[in-house]
Trainee: 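Handing you a structure now.
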Protein chains: 4
Amino acid sequence: MRISDKHSKITQAAVKVFARKGFFNARISDIAKEAKVADGTIYLYFNNKYDILISLFEDEIGKIILQVKLLLEEESDPGKKLYIFALHHLKLLDKKKDLAEVLQMELRQSNKFMKEYRNTKFIEYIDIISAIIHQGQEENIFDPTVAPGIAKRAIFGALDEMSRLWVLDENPPYTIEETAQQLSNLFLKGLTL
Amino acid sequence: MRISDKHSKITQAAVKVFARKGFFNARISDIAKEAKVADGTIYLYFNNKYDILISLFEDEIGKIILQVKLLLEEESDPGKKLYIFALHHLKLLDKKKDLAEVLQMELRQSNKFMKEYRNTKFIEYIDIISAIIHQGQEENIFDPTVAPGIAKRAIFGALDEMSRLWVLDENPPYTIEETAQQLSNLFLKGLTL
Amino acid sequence: MRISDKHSKITQAAVKVFARKGFFNARISDIAKEAKVADGTIYLYFNNKYDILISLFEDEIGKIILQVKLLLEEESDPGKKLYIFALHHLKLLDKKKDLAEVLQMELRQSNKFMKEYRNTKFIEYIDIISAIIHQGQEENIFDPTVAPGIAKRAIFGALDEMSRLWVLDENPPYTIEETAQQLSNLFLKGLTL
Amino acid sequence: MRISDKHSKITQAAVKVFARKGFFNARISDIAKEAKVADGTIYLYFNNKYDILISLFEDEIGKIILQVKLLLEEESDPGKKLYIFALHHLKLLDKKKDLAEVLQMELRQSNKFMKEYRNTKFIEYIDIISAIIHQGQEENIFDPTVAPGIAKRAIFGALDEMSRLWVLDENPPYTIEETAQQLSNLFLKGLTL
DNA sequence: GATGAATGAGCTTTCATTCAT
DNA sequence: GATGAATGAAAGCTCATTCAT
């Protein structure tokens, strides 16, 4: 088994366990059992419990950023880019519910991660949105009086709050496509000159 | 001393301590010390540690709902209502940073509260937004194709994400009024026919 | 039960357990069981495991110093003082075998206690010897060329090594009085002009 | 590489590590790293952690015994022999501070070594002293009423306690020669008829 | 009602030892 | 023989909760 396999196995197990029980209620032995390794093995790959969460976060957000950026490269219209971003965000979190729950619930939860820990990956992710807005303003499509620093947070916040529907609800009242459509419409009209 | 005084003292202390340390890192003895009561006294007013958080949440959200509803009664225009809601939300959380942090960070964090615990107070709060949207649609001011169930979450999510700026950042790059203005503009244009 | 009772009960239990198993092999739960308290109770009286050992040491040596000084006050002849000191030292450690074992074995064992921890109580104890030697030199009874700083260590080391006989051996080949006599004779002749 | 090389490398490494951290705080991996072998390799040469310490002890004391006996053969006067023994003891431990620390601190520390483990090498070492005393008594130089079994322990204890000065103190207040001189004078006068 | 000393279950982390390669 | 990744038992310490006063 390759080294990276163990690391990855533990990460995947941690996602499941953190999603099920929450970071603080999750025991290392839960993760170990889920990953089918010994408790001690986890400490060969991670420094401590917090490190698992941060590491997991950076790895996964990193992958997501790569994916979205790749997708967006194929489109030039900022309005359509916004839709693609929204759709991709919702789809992804729907597909990886456990991961979604961990990212949403656990990561923002503690001073440990949002205050002391400078969350650069997260910033990189939402800066994709501000880049789109900026582009739209440069091309005279979007309203130049809109502050991209506010709009990016608004859009991410909206997506994030919506995605909770699929994470928490067994039978969400809206489809993902419908939601992505509605959200991008809403913001598009709001942004467009 | 009236019974409610002790209850309230403990709740206020819990807000401070949860904000400072997070729910899981907070100790009952921290709260007791902050409230200037004995550890055991807390258990005369609350069943357990989780109960403090839920109780705190319901009480505080209850007060906020009362306040906003009162404010909104004085205004009839749905567009202006949206601005008032946004401004009030941001102002409040800025004024009560500790409470803001607890509501944002701790409450959504655990399955314990968002899954098992049916969060009716929270639903009541964001339904204020959908009521405004509904009113605007009834009065043919807002686009009838917008789903209020989506828009309410989008608006709350945007506000929530924005408010993190004042909670976490020492020197936020925007003023509260500016932000409320930008957000309500954005959504207003998005919503308006 | 008075507070000091619990503290003392734990200290006494720790002496027994440390003597039986050694500091590192002793578990907190062993001490707790021996003291008939809960594990956690120990941490109401001591900061950590090391603290129990140091605290125990300072308390017990403190008591011993008081006792010996009291005894020595009644005697003026430095030669006889030396005998009294030796006899008392050996008797005491014979009577309190567990304590003797802990003081001998555990305390000198670790950098933690002899390097980082400035062992002032111990120094105070062996300085009783140098004071006697000094007195003898002042009174022209003892050889002035003898360095009290060396002799005090020699005498303490001799006593300490001897006392191991009663700590470790079931049937020591010498009696305490005989040993005290031999040792004080040996050193007296060595010291006397 | 000869087998004994690895064994010796590990022993030397263990001396360093035990001296630095103490037996219980030393990790097998520390010793392995210091010896530049793999952790598992240590178990090809030693049964377990305790075995390293005991083995180390027997080897090193064995060497010391050989050296002293050789030195003493060249001298016939028991008084001078005593001085030679003292000087050699102190010099050796000063030269091999790490070894000194391990012998002093770690070996006497635990029941594991002084009770269960019959320390024949150590006995052999201090019996060199009683042999000298015996010789002196046979030759009518030393006081026949002195019990060699007590005197040997007294002398060893004195040397041992003194040698702590060079192990623990950066700037010991006495030189080794001075100390050996003082000690052998003290005991010589004490022993001589 | 109020207290806070006492409890003891529970958890993270360490590390001697093993064994497949 | 040599390796070092993997193991899993073990233990120090914490802290929510209880209950005698």
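Each chain gets a letter, A, B and so on, in the order the sequences are listed, and its residues count up from 1.
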Trainee: Using OP1 and OP2 only, check whether a side-chain N or O of C:K6 sits under 4.0 Å from E:dA5.
Mentor: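 For E:dA5, neither OP1 nor OP2 has a side-chain N or O of C:K6 closer than 4.0 Å.
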Trainee: Would C:F122 and C:L103 satisfy side chain to side chain contact (heavy atoms under 4.5 Å, CB included), going step by step from the backbone distance to the final call?
Mentor: CA-CA 10 Å; C:F122 177 70; C:L103 295 185; over 6 Å; no
Trainee: To the nearest Å, give me how far apart CD1 (B:I52) and P (F:dA16) are.
Mentor: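 It is 9 Å, rounded to the nearest whole Å.
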Trainee: Quick one: which protein N/O atoms are closer than 3.5 Å to N/O atoms of nucleotides 10-14 of chain E? Pair and distance per line, please.
Mentor:
residue	atom	partner	partner atom	Å
E:dT12	OP1	A:A26	O	3.2
E:dT12	OP1	A:K49	NZ	3.0
E:dT12	OP2	A:I28	N	3.1
E:dT13	OP2	A:Y43	OH	2.6
E:dT13	OP2	A:K49	N	3.2

Trainee: Could you tell me the separation between the CG atom of C:L44 and the C1' atom of F:dC15, rounded to a whole number of Å?
Mentor: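 Going from CG in C:L44 over to C1' in F:dC15 covers 11 Å.
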Trainee: For B:I42, which of B:N48, B:D51, B:I52 qualifies under side-chain contact (heavy atoms from CB on, under 4.5 Å)?
Mentor: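 Option passing the side-chain contact (heavy atoms from CB on, under 4.5 Å) with B:I42: B:I52.
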Trainee: What is the distance, rounded to the nearest whole Å, between atom NZ of B:K36 and atom C1' of E:dA2?
Mentor: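 Checked: the NZ to C1' distance equals 17 Å.
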Trainee: Could you tell me the separation between the CD1 atom of D:I42 and the C1' atom of F:dG4, rounded to a whole number of Å?
Mentor: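 Atom-to-atom, D:I42 to F:dG4, this comes out as 12 Å.
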Trainee: Do D:K97 and D:L93 come close enough that some side-chain heavy atom pair is under 4.5 Å?
Mentor: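 No; the side chains remain at least 4.5 Å from each other.
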Trainee: To the nearest angstrom, how far is D:D30 atom CG from E:dC15 atom P?
Mentor: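 Those two atoms, CG and P, are 8 Å apart.
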Trainee: Which whole-number value in Å describes the distance from B:D51 CG to F:dA16 C1'?
Mentor: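 From B:D51 CG to F:dA16 C1': 14 Å.
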Trainee: Can you tell me which residue among C:F23, C:F57, C:Y50, C:F24 is in a ring pair (Phe, Tyr, Trp, His ring centres under 6.0 Å) with C:F18?
Mentor: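 By the ring pair (Phe, Tyr, Trp, His ring centres under 6.0 Å) criterion, C:F18 pairs with just one of C:F23, C:F57, C:Y50, C:F24: C:F23.
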Trainee: Between A:T41 and A:V37 (side chain of the first, backbone of the second, donor and acceptor by atom type, cut-off under 3.5 Å), is there such a pair?
Mentor: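 No; judged by distance alone, with no hydrogens or angles, the pair does not exist.
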Trainee: Please check: side-chain N/O of A:Q104 versus main-chain N/O of A:D160, any donor-acceptor pairing under 3.5 Å?
Mentor: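 At least one qualifying donor-acceptor pair exists.
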Trainee: Using the side-chain heavy atoms of C:Y45, tell me which of these nucleotides is nearest: F:dA2, F:dG8, E:dA5.
Mentor: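 The closest nucleotide is E:dA5.
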Trainee: Please report the shortest heavy-atom distance between B:K49 and B:A26, naming the atom on each side.
Mentor: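 What the structure gives for the nearest pair is NZ-O, 2.7 Å.
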Trainee: Pair C:L56, C:V102 - check side chain to side chain contact (heavy atoms under 4.5 Å, CB included), show working.
Mentor: CA-CA 9 Å; C:L56 172 169; C:V102 174; 4.1 Å; yes
Trainee: In dot-bracket, 5' to 3', how would DNA chain E read with Watson-Crick or G-U wobble pairs under 3.5 Å, [ ] for crossing ones and | for pairs to another strand?
Mentor: .||||||||||||||||||||
Trainee: Among residues at least two apart in sequence or on other chains, which ones pass side chain to side chain contact (heavy atoms under 4.5 Å, CB included) with D:I65?
Mentor: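 Once residues adjacent in sequence are excluded, the partners of D:I65 under the side chain to side chain contact (heavy atoms under 4.5 Å, CB included) criterion are D:I61, D:K69, D:K121, D:E124, D:Y125, D:I128.
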Trainee: Distance check needed: F:dA2 P versus D:I31 CD1, whole Å only.
Mentor: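 Result: 17 Å.
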Trainee: Given atom NZ of D:K33 and atom C1' of E:dC15, what is their separation to the nearest angstrom?
Mentor: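 Atom-to-atom, D:K33 to E:dC15, this comes out as 14 Å.
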Trainee: Select one nucleotide: of E:dA6, E:dG4, F:dT3, the one nearest the side-chain heavy atoms of D:A38.
Mentor: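 Closest nucleotide among those given: F:dT3.
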